[in-house]
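Report on the structure given below.
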Amino acid sequence: MALLSIRDLMAHFETPRGTVYAVDGVNLDIGSGETVGLVGESGCGKSTLGKAILRLIEPNFGSIVLDSVDITHLKRRQLARHRHKVQMIFQDPYASLNPRATVGRIIEEPLMVNGWGSDRERKERVAWLLEKVGLPTDSLKRHPHEYSGGQRQRIGIARAIALNPKIVICDEAVSALDVSIRAQIINLLTDLRDELGLSYLFISHDLSVVEHIADRVCVMYLGKIVEIAERERLWAMPLHPYTQILMAAVPVLDPKIARERKKIIPRDELPSPLNPPGGCRFHTRCPYAQPKCRDEEPPLRPLQGRQSVACHLVTEQADGSIAYPTMAAEAAPKNDVRGAPA
Amino acid sequence: MANPVTEFWRRYRRNGAAVVGLAILCVVVAMALSAPVFFPTNPLRLVGPAELWPLTDARFPLGTDSLGRDIAAQLAHGAGTTLIIGLVASLVATTIGVGIGAAAGYYGGLVDDVLMRFTEIFQTIPNLIFLLALVAVLGPKIEHVVIGIGLISWTSVARLVRAEFMTLREREFVLASRAMGMSDLRIIVTQILPNAIPPVIVLASLIVAGAVLFESALAFLGLSDPNIASWGGLIGEGRLLIRTSWYVCALPGLAILLTVLALNLIGDGLNDVLNPMLKNR
Amino acid sequence: MSPLLQVCDLTTHLFTVEGVVKAVEGLSFDLDADETLALVGESGCGKSMTALSLMGLVPDPPGRIVGGQVLLGDRDLLQLSEHEMQKIRGNEIAMVFQEPMTSLNPVFTVGDQIVESVLTHRQVSRRQARERAVELLDLVRIPDPRGRFDDYPHRLSGGMRQRVMIAMALACDPDVLIADEPTTALDVTIQAQVLDLLGELQGEFGMGVILITHDLGVVAGIADRVVVMYAGRKVEEAPVDDIFASPLHPYTQGLLGSMPRPGLEERLREIPGVIPSLIDMTPGCSFAPRCAKAMARCREEQPDHATIGDARVVACFAAEEEVAGRGLAVDT
Ligand SMILES: Nc1ncnc2c1ncn2[C@@H]1O[C@H](COP(=O)(O)OP(=O)(O)OP(=O)(O)O)[C@@H](O)[C@H]1O
Ligand SMILES: Nc1ncnc2c1ncn2[C@@H]1O[C@H](COP(=O)(O)OP(=O)(O)OP(=O)(O)O)[C@@H](O)[C@H]1O
Ligand code: SF4
Ligand SMILES: [Mg+2]
Ligand SMILES: [Mg+2]
């Protein structure tokens with residue numbers, strides 16, 4: 001049984017201009033100690049999914065089972081008993097800390113709210129947490145504005161792990177940081193994961209960071225997951241056209257490769273989630289779209305090797321190999337030999 | 001960063017007018033505090049001939065009113081009354097306004113709609129008429145005056161607090177507080193309110209000024225508490241003699257003018273100090 | 001041939017209550033026509049201040065250019081009057097800003113805004129300006145340019161708005177285009193498109209482009225030369241292939257090392273410490289407190305810009321020694 005198991009989750013927003021289908025039927029399992037990356041364009045519903053898991057946004061449909069407890073419909077009181085198991089790290093190290101509270105207070109707050117330990121035990125835990133995230137011990141009485149972005153993110157991390165959560169949702173936790181600081185925080189996150197046995201749902205639009213940290217990666221497009229696969233497999237063989245486009249757009253650190261590589265440019269820009277296109281949601285931008293794609297929605301189908309894809313053109317052949325669309329052979333979908341069982 | 005008090009003063013000092021305002025207010029407070037020392041007897045006692053012009057009798061440097069009461073004593077004692085009316089009325093207005101604004105801004109939706117309609121109703125009632133009616137019905141006692149002024153002044157606070165809450169509730173630290181299971185009340189009081197307070201302080205100082213004016217308006221119409229010395233009361237007293245002994249109205253009028261001006265200057269100064277602090281926090 | 005734009009010893013300070021922020025300190029570089037120069041550095045290192053200095057748009061107060069020269073042809077832009085600068089801005093040097101959401105005026109249609117920027121510098125009729133605007137929208141690959149002409153900015157996506165910004169910047173065929181983090185606010189797929197577009201337009205117009213970014217990854221595909229800035233100073237300058245193949249400055253090395261790369265499982269190499277404040281700068285090299293190779297000398301003396309070979313510049317004592325050790329010519 002997975003630690004966190006999400007089924008058919010939907011979260012919609014009613015706005016004056018219509019319903020926003022921010023998360024529209026998502027299935028996802030996260031195992032104990034596993035890091036799942038969640039990538040996709042801005043506005044595709046990544047944060048909404050993260051917030052819905054914490055019930056900061058009430059899902060409209062579906063279920064969230066956390067540690068064998070269905071928390072989807074729990075009342076506030078009951079929910080409070082399970083809250084500590086999932087925590088969140090936010091994107092903006094400036095907006096996510098109360099500017100008027102001291103650092104000690106910010107980290108102690110979750111402990112106080114959840115009635116954790118005596119006053120002394122809490123102070124000890126805060127000191128331990130400060131050390132864990134690499135902040136000087138004299139931080140207790142200081143205010144967040146006295147810290148740089150990276151250090152603030154450490155404060156946010158200390159707050160998130162204060163209650164010993166099993167799973168931490170990192171919503172663009174390193175996106176706002178400078179390159180040289182980002183590496184520090186990524187290392188901190190992986191160290192904490194190994195030491196405390198945490199699971200992460202690591203939301204990011206930066207594929208190179210996700211590749212570094214995640215065991216498994218979900219690709220989301222307009223409220224739906226279009227591909228899930230083990231990290232190595234996804235990077236070796238992205239099947240969904242959208243995943244291929246994302247991968248092709250990732251900046252590479254080698255000028256020669258960067259100049260020569262062929263970019264697959266999507267045809268258009270992200271449609272509005274207010275009225276997502278019918279059929280395959282990606283068909284308006286997909287370079288391979290067929291008439292069928294416009295009419296019929298492809299389900300997320302599991303293929304062999306823990307990879308699932310939602311695309312009509314990705315099919316498992318009788319011999320076990322996988323046929324998928326690529327730029328290499330524009331005319332016909334190519335049979336992939338790597339997909340064949342040994 | 002330096003000690004917040006010195007830091008505050010360093011920034012406040014940069015606005016010269018605000019420093020003058022603070023100085024005037026200090027004089028008024030000193031007057032109020034020293035009144036019992038210099039004028040130990042009841043200022044409403046009849047002590048001399050009526051309508052004595054200022055600077056004519058050394059015992060009564062500012063003259064006497066129509067009943068022969070010492071104007072200087074009344075001014076000194078009235079300073080305290082006026083300040084307390086202003087402060088308490090502003091406190092009442094701020095409390096109501098913060099409560100309603102916080103609930104509307106934090107919860108939004110239906111709660112917001114209902115509370116804001118309610119606020120609008122209060123806003124459309126003409127202030128002075130509402131106040132007159134209230135005091136006329138309940139009787140001209142100082143508590144009623146204070147509550148009445150509070151009731152007509154809270155709407156601006158509510159709107160300001162609502163707007164502040166609406167932006168602050170979207171901030172991620174509020175989300176983080178919810179994620180750790182904090183109750184709404186606790187989030188409102190310990191997380192959002194401290195961040196929304198600086199602009200409210202500025203507004204509250206302006207409401208004190210408004211309250212002083214309302215009180216004197218009431219008194220001018222003869223509806224202030226007759227048993228307590230206040231600047232407004234003195235004006236109300238002098239109203240009937242305005243053609244002959246105009247100084248009875250003019251002296252407390254000048255005091256009110258200076259105090260209100262001082263409070264406004266202080267409000268400006270606070271705004272200068274508190275709002276940039278908000279920006280780079 | 002002399003370069004199109006020559007920046008010598010540019011120094012811009014901000015005089016704030018907290019102290020003097022040395023946002024740009026003795027920055028020099030050349031830009032040739034038909035070349036893309038990338039200005040790379042972390043937040044707060046003075047990249048935008050450099051761009052604003054070149055445009056003559058440093059916010060004053062608190063900012064002031066306290067020294068140096070910016071030569072466009074044979075004119076020193078820093079000596080020109082505001083009136084003369086207005087003729088140059090948007091005409092000879094144009095700029096694209098970071099925030100596509102806030103840099104367009106929400107109350108005018110995108111078409112009108114482009115027409116406005118055409119009319120500012122060209123004596124043409126409104127009608128001709130309109131035609132030119134449609135042409136520009138087409139040039140930046142906005143589908144259905146005539147239809148989009150009458151759209152308000154809020155109707156466009158971030159990528160489209162950034163393209164409109166680029167169209168406005170190109171309205172008068174500038175010689176120099178400064179793009180300050182033009183893709184930072186955009187998604188990866190859109191970022192790739194906008195960068196491609198910039199690259200193509202640069203070739204088409206033969207402009208010199210200064211591309212400001214904090215992301216070395218962006219640079220690889222599009223830049224010809226790279227200037228790396230740290231704490232207001234240039235620490236390294238080299239052709240793009242050299243920067244990636246053999247970075248000389250420990251900071252550049254650290255930056256490249258701290259980026260996750262495919263296939264590397266190990267911990268990332270991090271640069272310890274934090275980015276320094278630009279107010280109380282320590283004497284020596286500003287990177288010394290974070291540098292693994294720092295020597296006693298680094299903490300006392302500011303390293304000069306040493307020219308290495310014919311195209312590389314580095315400001316670092318350790319790098320100089322290393323290069324000298326390899327028998328290459330170092331010229332300080
Ligand atoms: N409170 C809200 N009310 C209405 N619409 C919302 C609300 N929150 C999010 N949305 C919309 O839902 C969609 C998904 O938003 P979400 O924040 O989950 O995207 P995201 O994938 O996290 O994007 P980003 O990468 O920009 O953070 C967007 O179209 C957004 O405009
Ligand atoms: N108006 C201002 N007042 C005071 N200091 C300023 C002002 N604008 C910029 N600074 C300071 O000047 C320095 C350089 O700023 P600049 O905007 O050039 O950085 P940048 O390299 O563009 O950073 P970013 O990547 O964040 O855009 C920074 O340390 C910044 O704090
Ligand atoms: S289903 Fe069709 S439109 Fe959708 S991604 Fe696959 S090929 Fe493209
Ligand atoms: Mg998000
Ligand atoms: Mg900048």
Side-chain angles (χ1 to χ4, degrees), chain A residues 39-44 134 147-151 174 176-188 190-191 205-213 231-232 235-236 242 245-261 263-272 285, chain C residues 40-45 141 143 156-160 185-193 195-196 199 214-224 226 230 239-245 251 254-275 277 290:
Chain A
V39 300
E41 266 162 299
S42 168
C44 72
Y147 291 89
S148 67
Q151 286 174 315
V174 298
L177 303 177
D178 276 304
V179 191
S180 76
I181 306 299
R182 189 185 307 171
Q184 296 174 3
I185 301 297
I186 293 175
N187 283 344
L188 173 64
T190 47
D191 291 349
H205 63 268
D206 186 341
L207 270 83
S208 52
V209 173
V210 170
E211 183 188 11
H212 179 81
I213 201 167
R231 183 234 340 235
E232 282 83 10
W235 258 262
Y242 179 60
I245 285 174
L246 272 186
M247 298 265 180
V250 178
V252 286
L253 290 178
D254 185 329
K256 288 189 193 70
I257 299 180
R259 280 192 292 262
E260 272 151 32
R261 81 174 160 164
K263 295 218 177 71
I264 320 173
I265 301 291
R267 292 202 314 225
D268 203 351
E269 293 190 2
L270 192 66
S272 153
R285 300 168 75 191
Chain C
V40 186
E42 290 178 287
S43 92
C45 74
R141 324 259 190 283
L156 306 183
S157 68
M160 298 254 244
L186 305 177
D187 276 309
V188 265
T189 55
I190 314 298
Q191 165 170 312
Q193 289 173 22
L195 287 176
D196 267 9
H214 64 272
D215 186 354
L216 267 171
V218 163
V219 165
I222 178 171
D224 300 308
V226 181
Y230 186 78
V240 67
D241 293 283
D242 295 345
I243 276 275
F244 285 93
Y251 175 63
L255 272 189
L256 283 166
S258 59
M259 318 236 331
R261 286 182 196 234
L264 289 183
E265 188 56 38
E266 72 213 55
R267 278 167 66 88
L268 295 175
R269 268 184 290 147
E270 45 187 85
I271 306 179
V274 296
I275 298 165
S277 131
R290 303 176 72 187

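Protein chains get the first letters and strands the later ones, always in sequence-line order, with residue 1 at the start of each.
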Could you go step by step and tell me if C/D241 and A/R259 meet the side-chain contact (heavy atoms from CB on, under 4.5 Å) rule? CA-CA 11 Å; C/D241 293 283; A/R259 280 192 292 262; 2.9 Å; yes
Most contact-rich option vs chain C, by heavy-atom pairs under 4.5 angstrom, among A/V250, A/V179, A/L253, is A/L253
Could you state the interatomic distance from CG (C/L268) to CD1 (A/I185), rounded to the nearest 0.5 Å? 11.5 Å
Side-chain (C/Q191) to main-chain (A/A249) donor-acceptor, under 3.5 angstrom: no
Could you tell me whether the side chain of C/E270 reaches within less than 4.5 Å of the side chain of A/I181, counting heavy atoms only? no
How long is the gap from CZ on A/R182 to NE2 on C/H214, to the nearest 0.5 Å? 6.0 Å
What residue in A/D191, A/I213, A/V209 has the most heavy-atom pairs under 4.5 Å with chain C? A/D191
Between A/D178 and C/S43 the two heavy atoms that sit nearest each other are OD1-N, 2.9 Å
Taking atom OG1 of C/T189 and atom CE of A/M247, what is their separation to the nearest 0.5 Å? 13.5 Å
Any chance CZ of C/R269 has more than 12 other-residue heavy atoms, nucleotides or ligands included, within less than 6.0 Å? no
Residue A/S148 versus chain C: region with a heavy atom under 4.5 Å: side chain
For A/S180 and C/E42, test the side chains for any donor-to-acceptor distance below 3.5 angstrom and give the result as yes or no. yes
Inter-residue atom distance A/D206.CG - C/D215.CG, 0.5 Å rounding: 7.5 Å
Of the non-hydrogen atoms in A/S208 and C/P260, which two are nearest, and what is the gap between them? O-CB, 3.6 Å
